[in-house]
Amino acid sequence: MANDASTVFDLVILGGGSGGYAAALRGAQLGLDVALIEKDKVGGTCLHKGCIPTKALLHAGEIADQARESEQFGVKATFEGIDVPAVQKYKDDVISGLYKGLQGLIASRKVTYIEGEGRLSSPTSVDVNGQRIQGRHILLATGSVPKSLPGLEIDGNRIISSDHALVLDRVPESAIILGGGVIGVEFASAWKSFGSDVTIIEGMKHLVPVEDENSSKLLERAFRKRGIKFNLGTFFQKAEYTQNGVKVTLADGKEFEAEVLLVAVGRGPVSQGLGYEEAGVAMDRGYVLVDEYMRTNVPTISAVGDLVPTLQLAHVGFAEGILVAERLAGLNAVPVDYDGVPRVTYCHPEVASVGITEAKAKEIYGADKVVALKYNLAGNGKSKILKTAGEIKLVQVKDGAVVGVHMVGDRMGEQVGEAQLIYNWEALPAEVAQLIHAHPTQNEALGEAHLALAGKPLHAHD
């Protein structure tokens with residue numbers, strides 16, 4: 001192994017996804033000498049196999065729905081079908097433009113970019129392409145891959161992961177989606193818009209089970225209305241091939257058949273065989289364990305992103321990567337408040353939230369100390385114009401701050417920015433009620449909800 005001891009970087013980053021490249025860009029900006037090692041393409045899962053491509057597919061699906069439903073707005077249009085190669089080109093063009101921009105950013109910040117499969121060789125070095133790259137500090141950011149279940153083999157043909165679903169050359173006539181979390185409901189939404197017959201299998205008692213129960217119920221109601229089928233509360237038992245597709249059997253004996261089975265049961269960390277244990281890094285079930293400053297138990301090693309057991313969101317990776325870079329540069333880095341991170345599921349309708357659920361608030365503060373208010377989008381002019389239904393639910397500590405904002409409806413993801421300010425700045429309902437929200441906007445619904453919670457409702461019943 002060639003060892004160029006004359007070059008010792010301030011920071012060597014293993015993995016160029018959201019967490020890794022954010023640390024590289026911020027570190028270089030702060031004057032650190034940074035090396036970024038990536039075996040595939042900078043941008044990682046989010047840009048190439050996650051956030052960006054799925055949202056492109058969902059937007060194409062939204063256009064299809066609008067074409068089908070245009071007459072309700074007085075517009076005569078004809079929907080002729082989905083041109084899958086054209087949809088894929090649209091999606092790939094979006095990715096390509098962002099990828100080129102990111103490559104330009106990396107180069108402009110003078111980050112040393114090394115393409116190759118790296119492996120941690122000591123607490124201060126990474127081996128890649130036959131060379132040993134030395135660093136005063138190492139950041140592990142190797143991300144995640146789609147998970148499966150014991151005995152369920154993903155073949156890439158009839159039983160597929162989200163990676164395969166993103167490059168599918170056709171719209172499946174029918175699909176079973178195993179998992180009703182974010183990935184599952186987003187693909188269910190897109191495929192239904194494209195014309196597929198979709199059934200979701202979720203072992204927990206609700207879709208998007210980590211969200212407030214009210215949001216889950218609203219999404220379930222909307223999915224029923226759209227004709228998306230789902231089976232809740234019973235776990236998967238087995239899958240087997242049929243003549244034309246796949247048959248799934250649940251623990252209660254219920255059976256479902258479809259052309260494809262999408263396994264969407266979450267993502268697991270990429271950490272096997274990368275030298276982490278040998279370097280003494282503490283781990284649990286494949287995840288690298290860190291403290292609130294993203295430090296591992298090895299003083300020269302930090303870890304961020306999907307590799308650590310925090311929220312698997314690109315923007316969390318960004319924040320964690322920036323935190324590490326700022327800490328190493330000597331700045332007063334502030335730990336991430338994970339409850340204060342905005343969360344969005346981009347199905348139709350969208351589910352957006354920040355803060356804690358009503359159930360969690362009652363656990364923490366006591367049931368008698370928690371106030372919840374629901375504002376129906378039926379009272380919001382812009383939502384009426386868009387013909388979207390849903391609610392904004394606020395969770396407040398009695399006579400205190402708003403600790404949870406939970407929203408369901410089209411474009412609610414665009415409202416979560418103000419919601420995170422309300423939560424993170426510990427705003428009182430009366431303080432938000434004083435702010436003037438533009439009319440007619442969906443953002444106004446957030447203001448109206450706070451007016452109601454402050455005891456002075458306008459376009460809402462007392």
Side-chain angles (χ1 to χ4, degrees), residues 51-95 97-98 165-166 168-175 185-198 200 215 218-230 344-352 375-392 407-418 437-449 459-460:
C51 328
I52 299 300
T54 52
K55 278 28 144 200
L57 292 185
L58 282 158
H59 184 61
E62 183 184 353
I63 300 298
D65 287 334
Q66 286 177 345
R68 284 191 195 94
E69 298 160 8
S70 66
E71 285 207 21
Q72 65 179 307
F73 301 98
V75 177
K76 291 187 179 296
T78 305
F79 175 70
E80 295 182 11
I82 304 296
D83 181 345
V84 174
V87 170
Q88 292 288 6
K89 182 183 183 305
Y90 152 66
K91 178 202 77 178
D92 293 342
D93 284 350
V94 172
I95 295 168
L98 291 169
L166 285 170
L168 214 57
D169 61 359
R170 68 193 189 284
V171 174
E173 277 190 32
S174 57
V185 299
E186 286 189 351
F187 272 103
S189 187
W191 280 350
K192 180 64 180 179
S193 296
F194 289 164
S196 195
D197 180 19
V198 181
I200 304 169
S215 295
L218 287 168
L219 180 64
E220 288 159 14
R221 186 189 305 164
F223 270 19
R224 277 190 207 99
K225 200 171 176 184
R226 290 187 62 195
I228 296 173
K229 299 186 285 289
F230 47 88
V344 186
T345 304
Y346 295 87
C347 50
H348 167 51
E350 291 183 350
V351 180
Y375 176 81
N376 197 303
L377 293 183
N380 176 254
K382 189 60 182 284
S383 297
K384 276 282 193 195
I385 290 164
L386 294 171
K387 288 186 177 283
T388 186
E391 285 178 359
I392 291 177
M407 305 180 283
V408 178
D410 287 347
R411 306 186 187 179
M412 285 297 110
E414 303 302 325
Q415 312 312 320
V416 84
E418 183 183 2
H437 293 74
H439 175 78
T441 62
Q442 285 183 289
N443 181 239
E444 183 184 18
L446 201 52
E448 293 263 0
H459 298 102

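Index from 1, following the sequence.
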Here the pair of heavy atoms bringing Y90 nearest to A56 is CE2-O, 3.3 Å
Sub-4.5 Å side-chain heavy-atom contact between K55 and V94
no
Are more than 12 heavy atoms, taken from residues, nucleotides or ligands other than Q72, located less than 6.0 Å from that residue's CD atom?
yes
Min side-chain heavy-atom separation E418-H437 under 4.5 Å
yes
Ignoring hydrogens and angles, tell me if any N or O in the side chain of K91 forms a donor-acceptor pair with the backbone of A60 under 3.5 Å.
no
CA sep, side-chain torsions, deciding dist, call: D65, R68, salt bridge (charged side-chain N to carboxylate O under 4.0 Å, His left out):
CA-CA 5 Å; D65 287 334; R68 284 191 195 94; 2.9 Å; yes
Do M407 and L446 have side chains that get closer than 4.5 Å, going by heavy atoms?
yes
N376: what forms a side-chain hydrogen bond (donor to acceptor under 3.5 Å, both in side chains) with it, not counting sequence neighbours?
none
All ring-ring contact (aromatic ring centres under 6.0 Å, His included) counterparts of F223, not counting sequence neighbours
none
Do you know which two heavy atoms are closest between L98 and I52, and how far apart they sit?
CD1-CG2, 3.9 Å
Identify the heavy atoms of L219 and C347 that sit nearest to each other, and give their distance.
CD1-SG, 3.7 Å
Roughly how far apart are F73 CZ and L386 CG, rounded to 0.5 Å?
7.5 Å
Could you measure the distance from the CD atom of E69 to the CZ atom of F79? Nearest 0.5 Å is fine.
10.5 Å
Is S189 reaching over with its side chain to a backbone N or O of V185, donor-acceptor style, under 3.5 angstrom?
no
So, for V344 and G413, which heavy atoms are closest and what is the spacing to 0.1 Å?
CG1-CA, 3.7 Å
Any chance CD of E173 has more than 12 other-residue heavy atoms, nucleotides or ligands included, within less than 6.0 Å?
no
Quick one: does any side-chain atom of S196 pair with a main-chain N or O of V171 as donor and acceptor, under 3.5 Å?
no
side-chain contact (heavy atoms from CB on, under 4.5 Å) between E448 and N380, worked out:
CA-CA 9 Å; E448 293 263 0; N380 176 254; 5.9 Å; no
What pair of heavy atoms forms the shortest contact from A222 to P349, and how long is it?
CB-CD, 3.4 Å
Looking just at side-chain N and O atoms, do H459 and E444 make a donor-acceptor pair shorter than 3.5 Å?
no
Heavy-atom side-chain contact between K387 and D410 under 4.5 Å
no
Test side-chain contact (heavy atoms from CB on, under 4.5 Å) applied to E391 and V408, step by step:
CA-CA 5 Å; E391 285 178 359; V408 178; 5.8 Å; no
Quick one, W191 with L168, criterion side-chain contact (heavy atoms from CB on, under 4.5 Å). Give me CA distance, side-chain angles, the key distance, then yes/no.
CA-CA 11 Å; W191 280 350; L168 214 57; 4.1 Å; yes
Out of curiosity, T78 OG1 to E71 CD, how far, rounded to the nearest 0.5 Å?
8.5 Å
Is there a donor-acceptor pair under 3.5 Å between the side chain of Q88 and the backbone N or O of D83?
no
Working to the nearest 0.5 Å, report the span between CD1 of I63 and OG of S193.
10.5 Å
Donor-acceptor pair, Q442 side chain versus S383 backbone, under 3.5 Å?
no
My understanding is that only one of R226, K192, E186, E62 makes a side-chain contact (heavy atoms from CB on, under 4.5 Å) with H348; could you say which?
R226
Please find the pair of heavy atoms, one from A64 and one from I82, that lie closest to each other, and give the distance.
CB-CD1, 3.9 Å
Euclidean distance, I228 CD1 relative to D197 CG, rounded to 0.5 Å
10.5 Å
CD-CD1 distance between Q415 and I392, expressed to the nearest 0.5 angstrom
7.0 Å
Please check this pair: side chain of T388 against backbone of G409, looking for a donor-acceptor N/O pair closer than 3.5 Å.
no
Hey, does Y346 have a side-chain heavy atom less than 4.5 Å from the side chain of L57?
no
